[in-house]
Every structure is written in structure tokens, then in C-alpha cells.
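These notes are about the structure you will find just below.
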Amino acid sequence: MTSKQLLPAGLPPKQGLYDPAGERDACGFGFVAHIRGEKSHSIVKQGVEILVNLTHRGACGCDPNTGDGAGILIQVPHRLLAEECLKDGLTLPAPGEYAVGIVFLPMEEGQRLEIEKLIEATVAARPDAFLGWRATPTNDERLGPDARKTLPVVKQFFINRGDLEPELFERKLYFFRRRLENAIASSGLAGAEHFYIPSLSSKTIVYKGLLIPDQIESFYPDLADERTESAIALVHSRFSTNTFPTWPRAHPYRYMCHNGEINALRGNLNWMRVREGALTSNVFGEDITQLFPIVPEGQSDSASLDNVIEFLVMGGRSLPHAIMMTIPEAWEQNPDLDPGIRGFYEYHAAIMEPWDGPAAVAFTDGRYVGATLDRNGLRPGRWLVTTDDRIVLASEAGVLQFDPAQIVSKGRLAPGKMLVVDTEAGEILQDSQIKAQIASRKPFGEWVESHRFTINDIKEPAAGIAAEPTALLVRQEAVGYTTEELRMIIHPMGALGKEAEGSMGTDTPLAVLSERPTLLFNYFAQLFAQVTNPPIDPIREALVMSLANRLGPRANLFEETPEHARQLHLERPILTVSEFAKLRSLSAGPFKTATVSTLFDVRGGPAAMEQALDALCEAAAEAVRGGAGILILSDRGIDVTHAPIPALLANAAVHHHLIRQRLRTRTSLVVDTSEAREVNHFALLIGYGAEAIHPYLAFETLEAMRLRGDLGAVDEAKVLDNYIGSIGRGLLKIFSKMGISTLQSYCGAQIFEALGLDSDLITRHFTGTASRIGGAGILEIGEETIRRHTSAFDKHLPAQALPPGGEYHYRNQGEHHNWSPMVIAKLQEATRNNDPKTFAEFTRMVDNDHSRYNLRGLLDMVPGDAVPLDEVEPAAEIVKRFTTGAMSFGALSIEAHQTLAVAMNRLGGRSNSGEGGEDPDRFGNDRNSSIKQIASGRFGVTTHYLVNATELQIKMAQGAKPGEGGQLPGHKVDEVIAKTRHSTPGVPLISPPPHHDIYSIEDLAQLIYDLKVVNPRAFVSVKLVAEVGVGTVAAGVAKAHADLIVISGSTGGTGASPISSIKHAGIPWEMGLAETQQTLVLNGLRDRVRVQTDGQLRTGRDVVFAALLGADEYGFSTAPLIVEGCIMMRKCHLNTCPVGVATQDPVLRAKFQGQPEHVINYFFFVAEEVRAIMAQLGFRTVQEMIGRSDKLKPATSTHWKAGHLDLMPLVYVPETGTKRALAYVSKVEGDTDTSLDHELIHLAQPAIERGERVRHELPLTNVQRTVGAMLSGEIARRYGAAGLPDGTIRYDFSGSAGQSFGAFLVRGVTFTLEGEGNDYVGKGLSGGRIVVRPPATARYVAEDTILIGNVALYGATSGEVFLRGQAGERFAVRNSGATAVVEGLGDHGCEYMTGGAVVVSPTSSMRTPASRTRAIPAWSCSRRWRWRTIRRC
Amino acid sequence: MVLLEALEVEDDQALLRSLIEKHVRHTGSERGQYVLNNFERLLPKFVKVIPTEYKKVLEERFLAKQALGETQLEVAANG
């Protein structure tokens, strides 16, 4: 099944914990076209200009002259090619009668000739087809050394159309290219990794490469040639998360370029592969198999999407049709959608799941050119039309300069909407026009209606489901239920419909390190979005979310028949008993069900389970061949001799077996299970292909609890409702953490990492899942099942009650906890009495535990030549590398918070404000937190706050609940906290899941830039949580010019969070840190960025391990809290902390005992231990110890499960050929040198120095970003939060402002802008005034036209904004004090506001503020004179 | 999660008018001017959006203030 695919030259192979499959990219993109298709060189020239003006959205690595990639797609420039070829004696036929291919070839001549020969031979299958070659002129003078490393030879070749019809000709070219790609990939030819065909078409050509935008014209002189003419130019400037020189990965691809990321990629690729089994096509005929794989492995998400779109187009669909199929808008819950278009989407949902994720896609086939946004509108797209019939669309407004009088109209792409230009017909087709046109091709809606089939259409079967032979209690025990689980997890779901909450992270061992038998579910960690794509807000943006799924066989992708619509529709994936009974009764037709048993005979031991699994897969395949359109995997009939194969294993194994057998499209998987009960269980089953689940034992359990009266006064139906409802909401939360909106995309997407599972098991049954340190195999898993089973069916000890548990709270006899009461007591005693002896006892207890319960415990240090202790750097130096974690004032009491700050300031370490702002009283004295955090809620993030930091930390995720926002319950918000956070006492404070100004890596680069501009003296850090791929993200973050990267382990996290997030998201810091270190070293980026790690660090040994694995700095949270008095009651979220640490209750706060001295004692104890170990290892300074993972080696373990772990990848040191830094050396300077603010500050001197009034006029272009922030920082530094008197400084700008115009503007400064703004206008506004209006000469109607971009006023705390025109999506989100007037808004405006006022006039958009109330008629008619105030304070 | 209300309170109406006046002064908005010219007539068409939770807290605070007096409330919170 897996195709052989070469990695492109320049990309390193998989090694250590680094995997090239994790690479990500994003960008700026745009196009310019002549609407009536007039070709000219000026279009090409303008395309290049757009590209250059988007340079700041791309990136460079360590070599400033090597970009991440830039490219341009234009129509075939016939005049140039014909004249140039003629010089070489080659006469080209008329335009359209030949195709031109552009090809990258190896530099080495011998290798190149071999490949050229192969190309000619492949074409020559058709006589007279091959016309000849042209050496494409290139000029590599300005390229950087990295780009040269893999510089290809670029050539063009020409193929004669002959008498083929144009459409058929394009299809033949596609065949030819795919055949050639497959042939060269499997040829074993030297230099094959350099071969790549950017384009081969009679209509379009792509010029691209590993270039900086302004190199493209000099590298490809063709583009500067006046004879190069086109009516279309599509451009792309790339930002990739690595520095590896890969030429093919530049965009555009053959049909499109893409800004964003496909979150559900793994699932999409699997389902594409699956479809190959069912594909037939009249168009392609029998040759179709030559095209497989449709999407070769090892490509980027964008390239994969391009492959699919190309395939659909070649199969006969139009380009916009293919785009609508792959990136559908949110149609499910939009009642205003045209019925025809709805029918189209519903019909195609049965054929293709969405390629879900943030996306702005620009596409062209040489005739149509257009662009679309994903359903969430997470990327920007702005367009304008000129008087001379040109259309320009790009990530930013202002990429081309026009006289305002030349502009006819302007607009923005709205979420899920499309804009298409037909250059032949000479018209612009707006979203509804183009979609209606496509949707009316066939009566899709009627087909859907007449074939719709739901569970309610099935008759209730006469016979119910037989009761199970074994008692409930025994079966519960056999699948691992505990009384603790019933009380903590199941109870809130059944009684209240809520997921359980907890706090203080988790301190139990990984499943593979636990002494107990663990459910297979617990070996998997949920993945989540950070930096390169955003989590979604599943509640406030609920309109885009969907739990619907379909059962039944899926038909051929290429046909469009009414029968395609015949599927069984489910509104949610959890089936009730009666629904399941109905489903099971279907015995004929397309939905015929077959049941296969997942039980095995325990008497055969673990081996019997393995055999049973193989037999199960075979039986499943046989049933599908026999016509089962729905396949039920059932573990009914558990008894003394029969135990269930873990449901997840059975499900995943069958799913992958059916994929391999190409049978998967013919059936749907339904899991009838006694095991699944928690949200995470359902997520896993669905993630590995289950389309519906019937958790029958969970239902029985709930009913038993209800009958016992455990659930309060609720009836059976309500309990069921609560439970299924809470699962549904929990699932949506898990999807949204990964940025996925629909169950259909999540199904089979495998968005998990396995921790501690054997690689053979993974490869076979969980194909494509990351499992990087090996671990338990199928026999150990069988053993776990049998141990549980044996204990449950023990004849001598008949079960009276379930085992007590101990997973969530410490219990004698229960699961091990790192912070046991003994350990806590020792630590407190040692630090309070400043007693090294007691601390040594604490350390001994902890380090002994390590050897069993933490990954680092499975590593040994390699002793070196010891050095005398007095030669090791002093503890006073080492403690400067220590920080305390981000715990907000609000979560903690003021006493606990300030004690940490004072202690860290005295030590010379750094404490962290957390995300709740800080009382200005603390600025400038020893209670100030050096680290000021910027989280998604932006609470209290004022300019004054920002300039009072030495480190500004962007919190991308937090260990306890990555992908979710923090929250402070209303009862903890008292007067003082409300003031610090710019809110109102008693109102719960919720942070959005994403930073709304970070949906992509180039957005993060922008925020980092914003922060450096507002406070040039601080360094900027980015906090990430460990998961597979975090190293790649970290490399991207380093390229975005962060100065420090924090890698948090999943175990930490002191905040209140859903228990399922605490337990099941993220991985230990050891793995995240090691991957980050290896990836940064591979990329040559390690020397420019500091790395910090945290996650239950406790002793000197922990610090040494962190250093050896690559950390420069070390973060502590739980330990210092315990030193302050925390006794791990885990009640932080309840405000009842009995020791005054995590409460706002004045009575409880009076009990606070912590002293800065205790914290200082603790850190010195740790530092002294570090010194002692350093002396043994032979290190005199911490600096020389960092990254020396060669000083670690895997220990031998006799643990029955952990014995199979392989930790070598953890201690791997990348071989880079050259000597590269393993630790931080120095930061990149000069980021803000070109900021316009230097001039603004200079001009404002009279105001800043003497309070005089200052007024100036200045022009602006989109490359001038974050205008006003440094000026504001300067004023805040001098004048504090008060700023200057209103009207002191006024700048009147004209033109197109770059991103973050007026960000953090302070009181006393007024900006007016005549022109337009981009994204983030007035971000973090702190008292300033911003006025934007269109130019006086503009021809368009101001109030109907887009004026500024998305996410304006994000996190504003005070100030005023007046906008004569419309703003984009997510206006004034998290505003807590600014006022604004705006003449129209995009979607999701004003969410999470806790203060200020916004006055809006209506637009026709559907997801405008308070979308939940959209039924109010006053809102639905949009064009009338009607204003709307949104006033939340 | 949010309430839609008419702008009945005088404070609200005054705030609205002053914001639109400023808007017109700074931007020259024609639409804004139209609203000002017809303010009384258009007022019923304005909708105030306020989160349920927020409104509840405001009301509670209002009642608490009446019962306690502002100073006592602050003492209690800071104590």
C-alpha cells in the first residue's frame, strides 16, 4: 500500500525524535488578473510586486539570503517561449497546441542526462510528441549558500498536442507526469531526489524556488522579460518551520497556493488511499491505477491538497467544483443557505470529508482564477477591482499601490466564501453566483431528499437485545471500572451532563510505567494545535461544528448518481440502546449489518488474543466481501473464559486491515463495547475509524447508579441525555483543540500520539501513528486484559464492590502519585527550617520514585572525569536560570503570588505574572514579576504592563489543557482581581481557546514583532506544550524571532481544567525537550534561542537531566507552591484552598504561611544538588552541560511493561557534519531597526519631553507594521498608565497601513488614517484614539466597503476607535474597555468582551455578534438604516 | 448567553448619541449624520446586546450597593 516516495533533496531523514513528516508552512499569497483576460507583461510585473510586498509574511532561516520559498504561476508566455526556442532552432506550434513542462534536475550532468532520457522516452510513447528542450535561464548570483546546496538545474520541455482534444491533452499530460514521477521515484537513479516537475500544462507555468521574494525576478530572467505576458499571476511567499533547503516545497503548486494548514491531513490521506480501491472512471479508463497513489506520501499538506484537486479536475469536475468539495463552507447549520447549494454540499459530504483547517486558497487553471477561505475564516483575503479591469486579491490590502480614484470596488473574502474570475467570459463571479452555477449542474438536493435515510426510518425490531450472562459488577471490574471513576467521571456526566474538572495537573505514572494493568486508551495522548494552526472555539463559534456522520458504503468518487446520496444519517456518533437495536436488525440492502465478536479465550493466554485479533480481521473482511454495509464489532458475551480484545485495538486493527484490503469504503464500523465510557475513549475510537459507538456497559452502569439513587432525582431518559450530551460536547472540544470542526474530518484522522507502545503493534494496527520510544506489545496488552479479567472472575474472592481506584487522588493501595503526603511533608519541613538534611531525604524519596515512574528515571548518567566541587560555578549563578511558572494572580492569592515574585527577584531568577495582568503598584519594586505573560484572554495586557517586563511570554498552550483557554470562576473574581484584569467582580473570566491574532506561524511572527516594538528592551518568549512535532513548531518559532522557547510537559499545569485534558493531552517534557533540542540543532538555530523546560521538576537531578537534554533554563511551579504551603488538595478551582495559596477567600488567605525565604531556600537546595552532580559528571558550568545528551544512556528495566521501551531516540545527538552550537549563544538583534516608530518618536520629542502639542502628516504602506507601539511604550515608560493629555500627539497618515496599526496606542496619541488598514488595528489599545476613513476621492460607498482587516481591537483595554467603513472578522474580541463605532462587521465580533462599548451598523453576515440570537427579525434584514449597539459595559 | 434589549435607559441613549457624534466629527460619516438627524425616530431600532452573566452581576452589585453603601463593599472585598 505504501508507495515509494523520495524525500526532496535538502530535507533530512527521520532521526532521533525528529520526523520530517511534521514540517509545516504558511505564508502570504495573492493574485492579480485582467478580468477580460488581456495578457500583458504588466500583470506579471505586478505579480512580482505583490510578492515583494508580502516578504514579511515569509521567512528566512539562519542564512539571510535563503528564503523559505517564493513563486509565481502565470499563463504560458507563448511569445517569449516561441522566440527563445526559435533561437535554438526549435519551432513551437501555435499557443494552446503544445504544453510546456518546467522541471528541476540534478546539477550533476551524468545524473541529469539519465533523467532527461527517461523523460524523453516516456513522452515518446506517442510519436512526434516530444518537441524539445529549453535551458531555462537562471541567475543564482544573489542566492544564499543554503539555497545553493540543493540548487537544481531548471529546464523546460515541450510536448506537441497533435490531434488530441485540449481537455484530453491536459489529462494525458497528467498521466504522463504521474507515470514519470512514479518511475523516477522507483528507478533508484542517482540524483532522483532533485527531480521535480513544478508544472506541465498547455495553459499555465510555475516559476518557483527556494527564494526570497525579491530574488525571483533576478533568478528567473524570464519573468523580467517584456515578452513574458499573462492575464493571470498567482504568487506565494512561504514561511516554513525549518531551514532545510527544499526547492519543490515552494508554492504555487500546479493549481493553487495555500495559506494555512490541513489539520485532518492524516485522515484525509487515509480516506484518499481507501477510495483508490473503489475508483473507476470512464474518463481515465483502465489506466487509472497508473495514477496511484493519487497523493504520494511524504509531501506537505498543501501539495497533497493540490494533488487531490488536480485529480478531481482531471476526472471531469471544474476547478471551483473541486474546491467546494474539499473546502466546504459551514452549511450544516446555516438556514439561510440557498437550498440548491445546501443540496450540493450535503450530497458531496457523502463523497468527500472536508480538508479541514485554516485555509486561504488561491487557485487557477489558466482560465478561471479565484480564491476561497475555510469555514472559520481563519486567514485573511482582501481584494479590489480597478477601473482598468484588474482584480487584485492578497493576504493584505495595499500590496499594490493605486490612485484611490482608480479603485472601483473593494472587499474581503468572508468565511467559507469564494470569489472567481472567468477571464474568458470577462466576469467576476461572487460566491453565490459561482456556487449556484455549480450546484445547479445536477439536482443534488432532490437526490439527497429522496435518498435520505435516518435511524428513525428503521422499524423497531420485535426482539430486543438479550441481557448479558455475567453480573454487571464483574463485567465492570473486567474492563477496569473503579469506584473513584464512577464518582469522579461518570457521576458528573450522568447527573449534570458535565465533564469532570480537576486541578494541579497529574502526577501518576504513564500507562507503560504503571505497575497496574491499564486500559489501552491510556497509552495515547491527544494532539492539539499550537502556533501553526489555531484551536477553534467550539462554543462561541458553534455554527461551524458538527457531530453528524453517515453510515453505509461509499460510492465511487467519480460518478454522480442519485445512489451516492443513499446513506444512513446519524446526528451524533453515540447510539442509544434502541438505536443500536434498530441498526442491528437491518438484514438486507445496502445497510445490511454483520456482527463480528471481539472476544478471545483467556485460557490461551496473551497469545490467544493475538490469534483472535487476526481471526477478527479476517472475519471482518469476509463479512464486508459478503455485502455487510455496516460492520458491528461486539464484545458481548464476556464470561469466565471470554475476555474482550481491547475495543480500541479491535477497532483500529479492523479499520487498517480493511484499508489494506481496499474494502474500507464498502462498509462502516460500529463498535458495540463494554469498555468505552469516557470522552477520551470515544475520541480514540472515532479517531481510529469507528463511525458509531454503542457503549452498552456505560449505559448499564448509569442505570444501576440511577437506581441506587447516586445520580439524584433524574429519570432514565434524562440521565441518558446528560451522558450522551456531555460526550458530544467533550468530543467537540477535543476536535476543536486540533482545529477540526467536523466529526467527519476527525473520523480516522488519528490525531493521537502513542506513548509506550511497541512499534510493530503500531505499524500494523495503528498505521501512521507516532510512537517514538517503543514499549508494550500485543502480548503485554493481552496480559493486562487477562489480569483484569482474572481478578474480576476470581472464584475465591467474589466481587463485592469495585476497586477503589486512586488515579485522580492519592490513596493508600491506589495508583502511585509523585506528590504523596510524605513527599510533601518532607519538602515543607526542609525549606521552612532551611535544613539540608531533610531536603536530602526528600530528594532521596523523589529520585527513588523516578527510577520507576518517570521517563527520566529510565535514563542513567554516564560518569565523566569528576572535578572538584569548588571549581563548579556557584549556586548563586545557577539559580538565575530558574523561573517560576505562569500562575495568575486570581488563580493564586495575592500573598502566594507576591511571595514568589519577591523570592525570584532576590535570587536573580524570574517569576511569571501568569495571564491575569498585574497591579501597577508592583511595577518597579521587588514584587514585580519579571515575566509578563500574554495569553489569549489578554487580561490586563496594557502598554504600561508590557513595558514593565524583562521577558514577555506568549502563552500558546498550557500543560494541563493545551488547546483550551484558561478560566477563572466568577466566585474568585473579587474587586482587586477585577481591577487588575479590567473586568467586573463576580463575572467569570474565560480566555478564548486560540489567540485570535495567532492562527498561523506568520501571525505569531507578527505578534513577536509587535511585542518587540512596544518594549524593545524585553526579550520575547513563546510557551509551547510537548507533543509530537513540537520540535518543528519550535524551529518555526525560532525563525519567527522568539528569543526563548518554553517546552512545558503535560504533567504540570496548576490551573483548573477538565480531567480528561489533564490526563490525556500532551506528553512528558523529556520527549518534547529532546525533540526540540534535536530539531533546533539540525536546523542550525539552537545558538540564537534560549530553551526552557518545565513540568514537575523537583530535584537537582531533574535539573541536570533537563540541561543534558537541552534546556538552558528551568521552570518550577508545583514544587514552589508546595513550599509555600500547598498540600495538593486539588481544590484550586473551588476557591476553598485550606492553606491560602489558591483562593481569594479572605479567611482562608489569612492562613497563608509561605515566606520568600522558604522559596529561596528551596532553589538553593536544588542548585547545590545540581553542583554536586555536575562535579561528578565533570562539568564546571551549566553552559557546557546543556545539550550533552551523550552523557545519558538508557537504564535497564525489568518492569513488565516498560522493559520494552527504547529511549535511544531521546538521547540522540544529531549529526550535522559541521560543529553546531548545542546551547544558546546570542540573540538575533536588530528586528525593530526599520520600525517607522523611530521617526515617530523623534518627531514627538517636544511632546514627550515638554508636553507640547505635536502634529505631523506621513504616508504609509503595508510593509510598515505595528506603527505607534514603540512610541506608546516610550510614553508609558515615562508617564505610566495615565499617558499624556488627550490631543498631545497627532499623526495623520495616508495610504495602506500594515498589520497592527495603532497597536498598544496610549492616551494622548491620536492616529488618523485616510486609506485602509489591515489586520489587528488597535490591538491592545491602551487609551489612544484611532480614526480610519476612506480617501476623499474614493469612488466606492464607504459604509458598504471593507476598511480594515480582521481581529481589530483584540484585547483593547481603553481608548476610542472610529471607522467609516466595515471591519473584518472577530472585531473587538476580548475588548475590556475601549469604545468603537464601526459601519459593519464580519463574523464573531465582540465575543468575550468584559467592558467598553461598540456601536455597529448591520451587515448581511450570519455570524455577527451574538449569533445565537440571530432569529430576532430586527437583525435579518440588513440593508436598512439600522444601527446596532453592542454594549457590554 | 446574551440578552437583546431596547435602549431604554437614559445613560445608554446619551452614550450612543455621544459616540455617534464623535464618529461623525472624526470621520465625516454620512450614515452617522443621518442617524443624528433622525435620532429619536431611529432610536427604537437600536438593540443593546449584553451578556446574561454580566447583567446579572451588574444587578446584584446595584442591589448590594443600595444595601451596603459603596465603602462597606470595598472594605469587605479588600479585607
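Heavy atoms only: backbone and side chains are in, while hydrogens, waters and symmetry mates are out. All chains are named by letter (A, B, ...) in the order of the sequence lines, taking the proteins before the strands, and each is independently numbered beginning at 1.
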Got a sec, which residues hit side chain to side chain donor-acceptor pair (under 3.5 Å) with A/R1329, two or more places apart in sequence or on another chain? A/D1286, A/T1310, A/E1360
Heavy-atom closest pair (A/D1344 atom, B/R31 atom, distance to 0.1 Å) is OD1-NH2, 4.0 Å
Minimum heavy-atom separation for A/R1364 and B/T27, please, with both atom names. CD-O, 3.5 Å
Does a side-chain heavy-atom distance below 4.5 Å link A/R1333 with B/H26? no
List the atom of A/F1362, the atom of B/K22, and the distance in Å for their closest heavy-atom pair. CZ-CB, 3.5 Å
Which bit of A/I894 comes within less than 4.5 Å of chain B, counting heavy atoms only: side chain, backbone, both or neither? neither
Distance in Å, B/L19 CG paired with A/T1379 OG1, rounded so as to fall on 0.5 Å steps: 5.0 Å
Give, as side chain, backbone, both or neither, the part of A/V1332 having an atom under 4.5 angstrom from any heavy atom of chain B. backbone
Go through it in stages, so that I can follow the logic: the residues are B/S29 and A/E1343, the test is side-chain hydrogen bond (donor to acceptor under 3.5 Å, both in side chains), and I'd like the CA-CA distance, side-chain angles, deciding distance and then a yes or no. CA-CA 8 Å; B/S29 165; A/E1343 54 264 34; 5.8 Å; no
Chain B: which of A/P985, A/G1365, A/P988, A/A1150 shares the most heavy-atom pairs with it under 4.5 Å? A/P985
Structural part of A/V1331 lying under 4.5 Å from a heavy atom of chain B: side chain
Partner residues of A/E1314 under the side chain to side chain donor-acceptor pair (under 3.5 Å) criterion, sequence neighbours left out: none
